[in-house]
*Asks:* 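Below: one structure in structure tokens.
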Number of protein chains: 2
Amino acid sequence: MGLPPRTVERLIKYRRLLESYKEAESMFIFSHQLAHMLNLTPVQVRRDLMLIGLSGNHRKGYKVTSLLKLIDKLIDHEDGFNVAVVGLGNLGSAVLRFIQRSNSQMKVVAAFDIDQTKINDASHGIPCYNVSKISYFIQKMKIDIIILTSSSVTAQEVANEVISAGVTGIMNFTSAHLDVPDRIYLKNYDIITSLEEIGYFIKNPLQGKS
Amino acid sequence: MGLPPRTVERLIKYRRLLESYKEAESMFIFSHQLAHMLNLTPVQVRRDLMLIGLSGNHRKGYKVTSLLKLIDKLIDHEDGFNVAVVGLGNLGSAVLRFIQRSNSQMKVVAAFDIDQTKINDASHGIPCYNVSKISYFIQKMKIDIIILTSSSVTAQEVANEVISAGVTGIMNFTSAHLDVPDRIYLKNYDIITSLEEIGYFIKNPLQGKS
DNA sequence: TAGATTGTTAATCGATTAACAATC
DNA sequence: TAGATTGTTAATCGATTAACAATC
């Protein structure tokens, strides 16, 4: 279909919000209600819903269950997504646990590290393999998305390897700039860079948001 | 001065990259070299440098030390930024350690939690206070930026409190949508939402990047 | 001078917002 | 019908890119 990235972002937010309201709230919702809850404009909401082909009722607004069903169909994958974490340090293992606790379609199926003590660590309920065997396990376990929390030094190397093994989605927590082909979806998630950005904008207010 | 957000992002990347090259590389760098290393276009680089008022040499390019000095002046705060983490769970404590290990201007000066066992935990080398006293400590310790890794349920409440205590920068790791005044710089860093976004784009390729 | 680069304006592109017709 | 809402096109805004003059 080809939805704009910002629309995809918002659809995910609509879903998260409405899932918790699903039972309690009325079955229908107006664009301005949804907009108000997420600090958006009603037009933005209507445009997004138009783009995914959902039509509302002029009297009652949009049917919540139809909206949720449609978003699920667009965003979710039938068998969920298989995720692996590379680098089982503090951050890697925290992110791993965080995903496991969430009730999303994201399944962490493996971790990788170079440290032998971590490789034997099964405390997360999933196996941790030696990163040298990453290509093999990506194919065997049909891993879709890699979360990089390894050292910045090896990040590009790991990225190259997982890409040639078939991974097309990477979430990069390292501060390394990764050079990847266009077809790969790369999300940079560098905490320090983001904090420095916040630093600039609190020093020089009146500017853009996240 | 008022730099565009994207320019600020890139300036931070230029700095990170050049800091490691500072000694080894020649003192001057061409826009196309910098661009190539970060998958940007030379024009983008030149435009950014123009915006910060750095002029280059037609023969040699830009002087690396001048560039770094200028970026430092724009991005850094004279005394660094004081950061506090709210919620010392796995994620909070991992993020805390991650920042401590980085060599940035960001100083984590305190943590906050509701759990009494964590409040006594000094294993991070910084005090952890009861979140009920957060306003007091924000003012006392001159905290500039709050990192929210607490439960989504209390996130808005905590945000309101830290904002009225004077904080103007928030990095939100929770999945809660936060409603904050315009003058507050809010960076949403919700891992699950981002993974779901990656999921959509690897299912439907040919689209936007991070 | 010829060639490579910087510096900057104009055109383009994507996303948001304004405006408003259509509908219940 | 009057009023509120949806649906959609046109205008605007911010950021990138194309184009090119100026310079060493």
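Numbered from 1 within each chain, the chains take letters A, B, ... in sequence-line order. All values below come from the heavy atoms of this structure, side chains included, with hydrogens, waters and symmetry mates left out.
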*Asks:* For nucleotides 3-13 of chain D, just jot down a letter per nucleotide in 5' to 3' order: B, S or -, based on protein non-hydrogen atoms under 4.0 Å.
*Replies:* B-BBBBB----
*Asks:* Show me, range against range, the stems involving DNA chain C, built from at least 3 consecutive Watson-Crick or G-U pairs below 3.5 Å.
*Replies:* C:3-24 with D:3-24
*Asks:* Within the distance-only criterion (no hydrogens, no angle test), does the side chain of A:Q100 pair as donor or acceptor with the backbone N or O of A:H124 below 3.5 angstrom?
*Replies:*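 Checked: pair present.
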*Asks:* For the pair made of CD in B:E9 and P in D:dG14, what is the distance, rounded to whole Å?
*Replies:* 17 Å
*Asks:* So does A:Q44 get a side-chain nitrogen or oxygen closer than 4.0 Å to the phosphate oxygens (OP1/OP2) of C:dT17?
*Replies:*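 The answer is yes; a side-chain N or O of A:Q44 sits under 4.0 Å from OP1 or OP2.
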*Asks:* Mark yes or no for whether B:E197, through its side chain, and A:V8, through its backbone, hold a donor-acceptor pair below 3.5 Å.
*Replies:*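 Not at all, since once roles are kept as given, no pair shorter than 3.5 Å links the two residues.
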*Asks:* Look at the rings of B:H77 and B:F81 and say which category their plane angle falls in: under 30° parallel, 30 to 60° tilted, over 60° perpendicular.
*Replies:* tilted
*Asks:* Taking atom CD of B:E9 and atom CZ of B:R6, what is their separation to the nearest 0.5 Å?
*Replies:*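 CZ of B:R6 is found 6.0 Å from CD of B:E9.
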*Asks:* So does B:R15 pair up with B:D76, basic N to acidic O under 4.0 Å?
*Replies:* yes
*Asks:* Could you check how far CG of A:L51 sits from P of C:dA15, rounded to whole Å?
*Replies:*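 So the CG-P distance, A:L51 to C:dA15, works out to 10 Å.
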*Asks:* Report yes if at least one side-chain N or O of A:R10 is closer than 4.0 Å to OP1 or OP2 of C:dT16; otherwise report no.
*Replies:* yes
*Asks:* Should the pair B:R16-A:D190 be classified as a salt bridge under the 4.0 Å nitrogen-to-oxygen rule?
*Replies:*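 Yes, charged N to carboxylate O under 4.0 Å.
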*Asks:* For B:I52 versus B:L70, what's the shortest heavy-atom pair and its separation?
*Replies:*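 Smallest interatomic distance, heavy atoms only, reads O-CD2, 3.5 Å.
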*Asks:* Hey, is the main chain of A:D144 close enough, under 3.5 Å, to the side chain of A:N82 for a donor-acceptor pair?
*Replies:* no
